[in-house]
Number of protein chains: 2
Amino acid sequence: MLETVTPMKTEASDALSETAQKGDAEKRGRKASKEVRRLQLIEATIDSLAKRGYAETTMADVADGAGLSRGIVNFHFESKEKLLIATLQHMYDEYSAHWRTALQKAGDDPARQLQYLVWADFDRSICNKRKLAAWLAFWGEAKSRPTYQALSSSRDAYYQQVFIDLCATLKESGGYSYEPQVIALALSAMLEGLWLRLMMGTEDTTRETALQAANAFLAAAFPKHYG
Amino acid sequence: MLETVTPMKTEASDALSETAQKGDAEKRGRKASKEVRRLQLIEATIDSLAKRGYAETTMADVADGAGLSRGIVNFHFESKEKLLIATLQHMYDEYSAHWRTALQKAGDDPARQLQYLVWADFDRSICNKRKLAAWLAFWGEAKSRPTYQALSSSRDAYYQQVFIDLCATLKESGGYSYEPQVIALALSAMLEGLWLRLMMGTEDTTRETALQAANAFLAAAFPKHYG
DNA sequence: CACCATTTGTTGAACATTCATTCAATATGG
DNA sequence: CCATATTGAATGAATGTTCAACAAATGGTG
């Protein structure tokens, strides 16, 4: 049921596998390329955000999580704020690339494209406890931090426009009566709301039930296409 | 279009109007009843959460916002954590009372009850920038703080059950084909997702457009009742 | 009513802790 | 040997909490 839309792996998990991890204490102090270290620290930041939340995430915790020393983060990122921005940017890029790939794989049929976009949202590589928790941590701080705002809603204006265009196309071919913008807003809001439930760890919501709910919406809104 | 379902006012805003505010510097040092002070400090906490976010909310900022001295919060709440829990509890109680009142005012017709619940979610007294921002601030920390978890999803298990029951009733009378739990999850997730959009301050989403989207969902899912 | 004692509320400075940042010393790889 | 990466202790700023002193209300008593 939950087919993987794209086999994308996070580059960082690859990077981690060739560098120091908790077990390899003897590798501490080894030099690694700048990009590898940065990814390693970004992954450790996501870990910390997921485990402790935004407010409790400290530089020391990130460094410990990466198995490196205290001063290292400032060397690679200058400041805590820049580390967090880089982390957010990393997650944004990953999400962005993921749905674009999914859209491409769907081919030319608009109904299929919309279905693939919905599936992409619940793909394991994107939609897992660790990353959802990190997203939520950023969302909580986004409104009061101008720097975060542009990046913090993973679904940006362009993504929204794609949804609107797809809804408009389906409306024509199916003879539905609603405004494309309105139904697109309802749909994308529901996807975010389902994410929110998954993040909060409410018992009654799992990736499977969330996907069911999303499909129920599609069937209700576009009965000719998903009936 | 946006009719006020309930004329409820926050007790705290009443309380504030009879106690010291920024202008009345001469009233500083005056004693006030315990309950009034607590509400005053809780309101100042919501202000701070909305303005600065969770991580940047400090005891000093709360005290300044209330026009009182630094040590006062510990006197009334013992610790910062207890102040935040009391604030969350206050918001939870307010939300809870609000939707229950709305449900009561709807009368016996299930379609009307569901419509009133949806309206209640976008009522100004609940759904305004200040309070939404405070909710989001708590959500961001909820997963990593067990104490927050029970209170942080304003829509609790009972609320969800009411939705499911209403969907089940509508299904029978309208001859729809989906599972009530699934469509109820889709609906409540969409409401939360719309809140999220409003919180984030995305330009294309206002209280009016959010309500339109919610109504579009109702019309799509229950055409016999809201067509 | 006036007076004083007691309780209760409030203040702001002092304290202890946590944490981001800096940097001189050291290690590593080329 | 040089450039670069890494370490970890030192530093200073921010902040939650404590508390002794003070002020205001309360209530009892003559």
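A quick note: this is a predicted structure, and the numbers were derived from the prediction, not measured. Lettering of chains follows the sequences in order, A, B, ..., and the numbering in each one begins at 1.
Regarding A:D64, its CG atom lies at a distance of 11 Å from the P atom of C:dC19, rounded to whole Å. Distance CG (A:N74) to C1' (D:dT7): 13 Å, rounded to an integer number of Å. Computed from coordinates, the B:I72 CD1 to D:dA24 P distance equals 14 Å when rounded to whole Å. Atom CG in A:L84 sits about 10 Å away from atom P in C:dA20, given to the nearest Å. If you measure from atom CE of B:M59 to atom P of C:dA14, you get 20 Å, rounded to the nearest angstrom. We find that NZ of A:K80 is positioned 14 Å from P of D:dA14, with the value rounded to whole Å. Counting to the nearest Å, the C1' atom of C:dT17 and the CD atom of A:E56 are 14 Å from each other. When the P atom of D:dT4 is taken as reference, atom CZ of A:R37 falls 17 Å away, rounded to whole Å.
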Check against salt bridge (charged side-chain N to carboxylate O under 4.0 Å, His left out), B:E94 and B:K131: CA-CA 11 Å; B:E94 185 187 20; B:K131 278 178 190 156; 2.9 Å; yes

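Note that A:R155 lies outside the cation-pi zone of A:W99, set by a 6.0 Å cut-off to the ring centre and a 45° limit from the axis.
Using a 4.0 Å cut-off between a side-chain N of Lys or Arg and a carboxylate O of Asp or Glu, B:R145 and A:E56 qualify as a salt bridge. Between A:D64 and A:R70, at least one side-chain nitrogen of the basic residue sits less than 4.0 Å from a carboxylate oxygen of the acidic one, meeting the salt-bridge criterion. With respect to A:R130 and A:E43, a salt bridge is recorded, a charged nitrogen being found less than 4.0 Å from a carboxylate O.
For A:R70, no side-chain nitrogen or oxygen approaches OP1 or OP2 of C:dT22 to under 4.0 Å. Contact check, A:K34 against D:dA5: a side-chain N or O comes under 4.0 Å of OP1 or OP2.
Here the options are B:E35, B:K34, B:Q40, the test is side-chain contact (heavy atoms from CB on, under 4.5 Å), and the partner is B:R37; only B:Q40 passes.
Using modelled atom types and a 3.5 Å distance limit, the side chains of A:D156 and A:Y95 yield no donor-acceptor pair.
Over its full length, the helix from C:dC1-D:dG30 to C:dG30-D:dC1 turns its helical axis through 10°, comparing axes from the five pairs at each end and rounding to 10°.
Checking D:dT6, C:dT21, C:dT10 against every side-chain atom of A:S79, the shortest atom distance belongs to C:dT21.
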